[in-house]
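This report refers to the structure that appears directly beneath it.
We number each residue from 1, following the sequence as shown.
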Amino acid sequence: MPSEIASPTTPATVPSAKPAAETFHPYPWYMPRFWHGMTFGVWFKLLRDNGFAVAWQRWPMAAVISIFAVCNSFLSALQSLFYFRGFPDDRDSQPIFILGHWRSGTTLLHEMMIRDPRFGFATSYECFMPSNFLITEWASPLFSIFMPSKRPMDNMPAGWQLPQEDEFALCNLGAGSPYTMLAFPNNPRHDAKFLDFVGVTPAESSHWQRVFRWFVQRVAHRTGKQLVFKSPPHTARIKQLLELYPRAKFVHIVRDPMSVYPSSTRLWRSLWPSQGLQIANNEGLEEEVLATFCRMYDSFDRERPLIPAGNFHELRYEDLVANSMGEMEKMYQALELGDFESIRPHLASYLEAQKSYQTNKHNLSPEMVAILAERWGPYMRRYGYFEGV
């Protein structure tokens, strides 16, 4: 069934969203890359699948990651020995998944939800070192100097114990993730199919689900709480997630595409230089962002009806910013997440600390506004973003 949201039409030329002068927060050479958490087998497969096409400028980085990969393999085996009894079946658990396109406010919503002490989450350390965090996370404070204070693309704080996208854990565990393109930005997107699972074989799908459950069980063991996960690709994977967790709850956040589009192109341009094993040429980036959005919401529209009644809630980023308490309270009521009053003071403290936060500013050309109105117009109409375009 064609999506009500996405329009597949492709203009001949997509103007660049890059501002005249674009700066990112620094990411020094000694800071960790996403790939430092891979075991050797996963690391070797990533290199092999991409023809070992590492730019010579990145050879030192690749050599260091290879050393880490050997260590991770050893630590992973050691963790398996410590936890040889395994973990309880969690199929009946009720994780909460935050859905939404990149740069739609998923991080803000995640940060607000985990102010509730009843909720657990996967930390940056756990997502970067997923194969061994149960026996090594105690040492993460020692590595705080190797973590930037802010993310490269915006002013959100970074830190080992802050919440992180579980997609990075899936990537480091070899489950199959579109994020592998961050390592080889100039190569064909070998793992793009794992965004919406179109073209994924049954064996690949089963492997992905096994790996994801493996990770979730260990995070649940560490926290002992109901978990809240945030990963934009999950927006296109509702069916896969429900097969794993039939009682899961979903929160979908949307944002004005006139902010989402330039912020998304900025996201990838900020991550490729810091994480890439190639020197990114950025060719086709703008069209890739446009097409990926359409693909994501094609899948979202197909699979959203699978979510049981009472387990789904939508909100707008702009409304969340303007009336944080009111929007959060509505979400708690809609999803029956428990007493909201008990977390009100925790949330108030967080919001007070965020008062000085500044979002990035973007300017779009009239040509780009017209393209967005055409390609993403149905999304804009559904969520009330078409006025004034």
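F128 is not listed as a side-chain neighbour of H36, based on a closest heavy-atom distance of 4.5 Å or more. At a threshold of 4.5 Å between non-hydrogen side-chain atoms, the residues N172 and C127 do not count as touching. By the 4.5 Å heavy-atom criterion applied to side chains, V228 and I98 are counted as neighbours. Taking 4.5 Å as the limit, some side-chain heavy atom of R375 sits within range of a side-chain heavy atom of E287. Between W272 and L285 there is a side-chain heavy-atom pair separated by less than 4.5 Å. The closest side-chain heavy-atom distance from P185 to M181 is not below 4.5 Å. F119 is listed as a side-chain neighbour of I96, based on a closest heavy-atom distance under 4.5 Å. In this structure the side chain of M129 reaches within 4.5 angstrom of the side chain of N72, judged on heavy atoms.
The minimum heavy-atom distance between R115 and H346, with the atom names listed, is O-CB, 3.5 Å. Residue P345 comes nearest to S342 through the heavy atom pair CD-O, 3.9 Å, listed as atom of the first residue, atom of the second, then distance. In this structure, K225 and G120 approach most closely via the heavy-atom pair CB-N, 3.6 Å. Contact record, S131 with T39: OG-CG2, 3.8 Å, taken as the closest heavy-atom pair. Between P130 and G37 the shortest heavy-atom distance is CD-O, 4.2 Å.
Within the structure, salt bridge (charged side-chain N to carboxylate O under 4.0 Å, His left out) pairs that include any residue of residues 167-187 comprise E167-R237 (at least two apart or interchain). Residue pairs meeting the salt bridge (charged side-chain N to carboxylate O under 4.0 Å, His left out) criterion with at least one partner in residues 46-68, sequence neighbours excluded, are K45-D49.
Look at K193 and E204 and you find a salt bridge, because one of the NZ, NE, NH1 or NH2 atoms lies within 4.0 Å of a carboxylate O, short of that distance. A salt bridge links E314 and R304; the closest N-O separation between the charged side-chain nitrogens and carboxylate oxygens is under 4.0 Å. Residues R382 and D301 are paired through a salt bridge, judged by an N-O separation under 4.0 Å between the basic side chain and the carboxylate.
W59 and I65 fall within a single hydrophobic cluster, where Ile, Leu, Val, Met, Phe, Trp and Tyr are joined by side-chain heavy atoms under 4.5 Å apart, directly or via other members. Residue V198 is not grouped with residue L195 when hydrophobic side chains (ILVMFWY) are merged at heavy-atom distances under 4.5 angstrom, including chains of intermediate members. Tracing side-chain contacts under 4.5 Å through hydrophobic residues (I, L, V, M, F, W, Y), one never reaches L315 starting from I114; they form parts of separate clusters. The hydrophobic cluster containing M325 also contains L337, counting ILVMFWY residues as joined when their side-chain heavy atoms lie under 4.5 angstrom apart, directly or transitively. Hydrophobic cluster membership differs between F84 and F215, with clusters built from Ile, Leu, Val, Met, Phe, Trp and Tyr side chains linked at under 4.5 angstrom.
With rounding to the nearest 0.5 angstrom, the CG atom of L372 is 9.0 Å from the CG atom of D256. If you take CG on L290 and CZ on R295, they are separated by 15.0 Å, rounding to the nearest 0.5 Å. Here the straight-line distance linking atom CD of E137 with atom OG of S124 works out to 10.0 Å at 0.5 Å rounding. Note that the CD atom of E329 and the OG atom of S324 stand 12.5 Å from one another [nearest 0.5 Å]. Annotation: the span from M113 atom CE to T106 atom OG1 amounts to 12.5 Å, rounded to 0.5 Å. Annotation: the span from L320 atom CG to I253 atom CD1 amounts to 5.0 Å, rounded to 0.5 Å.
Residue-environment remark: CZ (F74) stays at or below the threshold of 12 foreign heavy atoms within 6.0 Å. For E341, the CD atom is densely surrounded, since the number of other residues' heavy atoms within 6.0 Å is greater than 12. Within 6.0 Å of the CZ atom in F40, the count of heavy atoms belonging to other residues, nucleotides or ligands does not exceed 12.
Residue Y379 forms a ring-ring contact (aromatic ring centres under 6.0 Å, His included) with just one option from Y297, Y261, F300, and that option is Y297.
Side-chain atoms of N311 never come within 3.5 Å of backbone atoms of I307 as a donor-acceptor pair (strictly under, hydrogens ignored). Under the 3.5 Å distance criterion, the side-chain polar atoms of Q278 are matched with a main-chain donor or acceptor of N186. Q226 places no side-chain N or O within 3.5 Å of a backbone atom of P95 that could act as its donor or acceptor partner.
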Report the C-alpha distance between V260 and W102 in whole Å, list the side-chain angles of each, state the deciding distance to 0.1 Å, and finish with yes or no for side chain to side chain contact (heavy atoms under 4.5 Å, CB included).
CA-CA 7 Å; V260 169; W102 295 273; over 6 Å; no

Check the pair V254, Y317 against side chain to side chain contact (heavy atoms under 4.5 Å, CB included), reporting the backbone distance first and the verdict last.
CA-CA 6 Å; V254 300; Y317 169 81; over 6 Å; no

Derivation of the side chain to side chain donor-acceptor pair (under 3.5 Å) call for N132 and T136
CA-CA 6 Å; N132 57 65; T136 61; 2.8 Å; yes

Could you go through the side chain to side chain donor-acceptor pair (under 3.5 Å) check for Y385 and E318 one step at a time?
CA-CA 11 Å; Y385 295 118; E318 294 80 6; 2.5 Å; yes

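S104 and R255 form no side-chain donor-acceptor contact under 3.5 Å, judged by distance and modelled atom types alone. A donor and an acceptor atom, one from each side chain of Q240 and S205, are located under 3.5 Å apart. Using modelled atom types and a 3.5 Å distance limit, the side chains of E165 and Y179 yield a donor-acceptor pair. At a cut-off of 3.5 Å, with distance as the only test, a side-chain donor of T180 or D191 sits close to an acceptor on the other residue.
When ring centroids are compared, F121 and F229 stay outside the 6.0 Å threshold. The distance between the ring centers of F44 and F52 falls below 6.0 angstrom.
For F184, there are no ring-ring contact (aromatic ring centres under 6.0 Å, His included) partners two or more places apart in sequence or in a different chain. Checked against side chain to side chain donor-acceptor pair (under 3.5 Å), W35 has no partners two or more places apart in sequence or in another chain. Taking the ring-ring contact (aromatic ring centres under 6.0 Å, His included) definition, one finds that W208 meets it with F197, F212, sequence neighbours left out.
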Donor-acceptor contacts under 3.5 Å from residues 243-250 side chains, at least two apart:
residue	atom	partner	partner atom	Å
E243	OE1	Q209	NE2	2.8
E243	OE2	K239	NZ	2.7
Y245	OH	D90	OD2	2.8
R247	NH1	D92	O	2.7
K249	NZ	L335	O	2.2

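The aromatic rings of H252 and Y383 sit perpendicular, their planes meeting at an angle over 60°, well past the 30° parallel limit.
A cation-pi arrangement is present between R218 and W214, with the terminal nitrogen or guanidinium carbon under 6.0 Å from the aromatic centre and inside a 45° cone about the axis.
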